[in-house]
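Since the structure comes first, as C-alpha cells, the remarks are kept for the end.
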Amino acid sequence: MANEHIGARQEIAFKVEATRGTKVDPSTGEWYPHTGQGFIPQVELIPDNSGMGRIEGVNTENVAKEYSQGTVTMKLYDSFLTPLNRMIFGQADTAGTYTILNDNLHNSFTIATADPVEGDNTYALGMLNTCTISCNTDDYVNLSMEFIAKKETAATLTPSYSTTAKLFTPDNVTFGYATNYAGLSSATAMKVKNFQLNIEKNLSIDWVNGSTEPDDIQNGRMNVTGDITLTYDSSTYRDFALTDTAKAFQITLSNGAKTWVIQFPSVLFKGWNRSTDLDGIVTETFGFTANYADRTNGLMKATVS
C-alpha cells in the first residue's frame with residue numbers, strides 16, 4: 001500500500017513529563033497545528049578505520065549515539081501558551097506568573113509524532129533548545145523551535161486538537177518600554193513594524209557508557225536577544241542604542257481570550273541602523289540583549305491570563 005503524503009498530514013504533540021525522561025502519551029488538545037514538522041531520529045556512527053594491509057579507509061561502523069532532534073514551526077495558538085512557557089522558563093507558573101528556574105534540569109516533554117509512513121512515535125526527555133518568536137504586519141505571530149530528545153519508541157496514539165484555540169493577529173501585539181521595571185505598568189508605547197525574539201537555552205547532551213541513548217539532556221546558560229523595526233521619526237531609539245543605559249521592555253499579546261505579557265526588566269538596545277531606500281519611508285532597526293536584573297526579576301518573566 002502506497003503511503004505518499006503531503007507534509008500537512010504529519011502531526012506533532014507535546015506533553016510535560018511528571019518524571020524527567022519517563023514518557024507520557026499526549027491526550028486530547030495536546031496536539032498542535034504546525035507549519036513545518038522536522039523533528040526526526042538521529043544516529044551517530046563510529047568507524048573502524050584500522051589498517052589491515054589494504055588501502056580502503058573504513059572496515060565497519062557501529063551505532064554509538066541515538067537521539068532525536070529537529071525544528072518545529074507553527075503559528076502561535078493560545079492553547080500552546082502553557083507548554084511554551086514551561087519550555088522557556090523551565091517550570092510551571094505561580095498564580096499565572098512564569099519565572100526562570102535557576103536550575104539546569106528544566107521541565108522535559110514527551111514529543112509525539114504521527115504520519116502515514118512512520119506511524120505513531122514518542123520521544124521522551126524532549127527539551128527546548130532554541131525558540132524564535134516573530135511578528136510583523138502581514139502575518140500571525142509565528143514560532144520556530146528546535147528540540148532535542150531521546151530516541152523514538154513506537155506508540156499507538158489518537159491525535160486530537162483543541163476546537164477553541166485562537167491565533168494571535170498583528171493587531172493583538174503591542175510593545176512598550178520604561179526607565180525601570182516598575183515603570184512598565186505605564187510603559188511608553190512603541191509602534192513596532194517587525195519584531196523577532198530569540199531565546200537560546202544552550203542544551204547539552206550527557207552521554208555515558210553502557211547505552212547509546214542520552215543519560216540526560218540539560219539546559220545551559222540562557223540568552224535572550226531581539227530585533228526591532230520601526231518607522232524612523234525621532235532619534236529616541238538611536239540615542240538609546242548609542243549609550244549603555246538599560247531600559248525595561250515589554251511585549252503584550254492579547255487576542256480577547258488569552259493575554260500573554262513578556263517582561264524584560266533590563267535590556268540594552270544596540271546595533272542601530274536606518275534604511276537608505278530613496279523612495280520609501282525611512283525605517284530604523286536595532287537589536288537588544290536582555291540582561292540579568294536581580295534575583296527577584298531575573299532575565300525575563302511572563303504572565304498568562
Once rounded to the nearest 0.5 Å, what's the spacing between atom [atom1] of [X] and atom [atom2] of [Y]?
X	Y	atom1	atom2	answer
Asn107	Arg86	CG	CZ	4.5 Å
Asp48	Asn62	CG	CG	8.5 Å
Asn129	Phe147	CG	CZ	10.0 Å
Met222	Ile100	CE	CD1	4.0 Å
Phe269	Thr245	CZ	OG1	11.0 Å
Met127	Gln69	CE	CD	13.5 Å

Short question: side chain of Asp206, backbone of Asp215 - any donor-acceptor pair under 3.5 Å?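 No, Asp206 side chain to Asp215 backbone: no donor-acceptor pair under 3.5 Å.
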Start with the C-alpha distance between Thr231 and Lys191, add both sets of side-chain angles, then the distance that settles side chain to side chain contact (heavy atoms under 4.5 Å, CB included), and finish with yes or no. CA-CA 8 Å; Thr231 298; Lys191 296 182 178 181; over 6 Å; no
Side chains of [X] and [Y]: donor-acceptor distance under 3.5 Å anywhere?
X	Y	answer
Gln218	Ser204	no
Thr303	Thr97	no
Glu200	Asn198	no
Thr212	Glu66	yes

Give a yes or no on whether the ring-centroid distance for Tyr98 and Trp260 is below 6.0 angstrom.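 Ring centroids of Tyr98 and Trp260 are no less than 6.0 Å from each other.
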Hydrophobic clustering (ILVMFWY, side-chain heavy atoms < 4.5 Å, transitive) - are [Y] and [X] grouped together?
X	Y	value
Val261	Tyr181	no
Val224	Met87	yes
Leu84	Tyr77	no
Leu76	Phe175	yes
Ile228	Tyr177	yes

Do [X] and [Y] make a side-chain contact, defined as non-hydrogen atoms from C-beta onward lying under 4.5 Å apart?
X	Y	result
Thr71	Ser144	yes
Leu45	Val43	yes
Arg20	Leu125	yes
Val16	Phe109	yes
Asn255	Leu253	no
Met74	Met145	yes
Lys201	His106	yes
Phe240	Trp272	no

Let me know which of Val173, Val141, Ile251, Asn142 forms a side-chain contact (heavy atoms from CB on, under 4.5 Å) with Ile133.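 Looking at Val173, Val141, Ile251, Asn142, the match for Ile133 under the side-chain contact (heavy atoms from CB on, under 4.5 Å) is Val141.
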Single hit among Gln37, Glu11, Gln10 for side-chain contact (heavy atoms from CB on, under 4.5 Å) with Asp115: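 Among Gln37, Glu11, Gln10, the one that satisfies the side-chain contact (heavy atoms from CB on, under 4.5 Å) with Asp115 is Gln10.
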Taking it one step at a time, do Thr285 and Thr229 satisfy side-chain hydrogen bond (donor to acceptor under 3.5 Å, both in side chains)? CA-CA 4 Å; Thr285 60; Thr229 301; 5.4 Å; no
Other residues, nucleotides and ligands only: do more than 12 of their heavy atoms fall within 6.0 Å of [atom1] on [X]?
X	atom1	value
Asn102	CG	no
Asp244	CG	no
Tyr237	OH	yes
Lys258	NZ	no

Non-hydrogen atoms of [X] and [Y] that approach each other most closely:
X	Y	value
Trp31	Ala13	CD2-CB, 3.3 Å
Leu184	Gly176	CD2-O, 4.4 Å
Asn59	Asn49	ND2-C, 4.1 Å
Asn297	Pro265	CB-CG, 3.4 Å
Asp139	Pro170	O-CG, 3.1 Å
Tyr67	Pro214	CB-CG, 4.0 Å

Assess the residue pair Val304 and Thr82 against the criterion (side chain to side chain contact (heavy atoms under 4.5 Å, CB included)); give the C-alpha distance rounded to whole Å, side-chain angles, the decisive distance to 0.1 Å, and a yes or no. CA-CA 8 Å; Val304 176; Thr82 295; 5.5 Å; no
Assess the residue pair Leu157 and Thr122 against the criterion (side chain to side chain contact (heavy atoms under 4.5 Å, CB included)); give the C-alpha distance rounded to whole Å, side-chain angles, the decisive distance to 0.1 Å, and a yes or no. CA-CA 9 Å; Leu157 305 169; Thr122 53; 4.1 Å; yes
Thr110: which of Glu17, Lys150, Lys15 passes side-chain hydrogen bond (donor to acceptor under 3.5 Å, both in side chains):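 For Thr110, the side-chain hydrogen bond (donor to acceptor under 3.5 Å, both in side chains) check succeeds only for Glu17.
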Step by step, work out the side chain to side chain contact (heavy atoms under 4.5 Å, CB included) result for Asp216 and Leu105. CA-CA 9 Å; Asp216 204 347; Leu105 301 177; 3.4 Å; yes
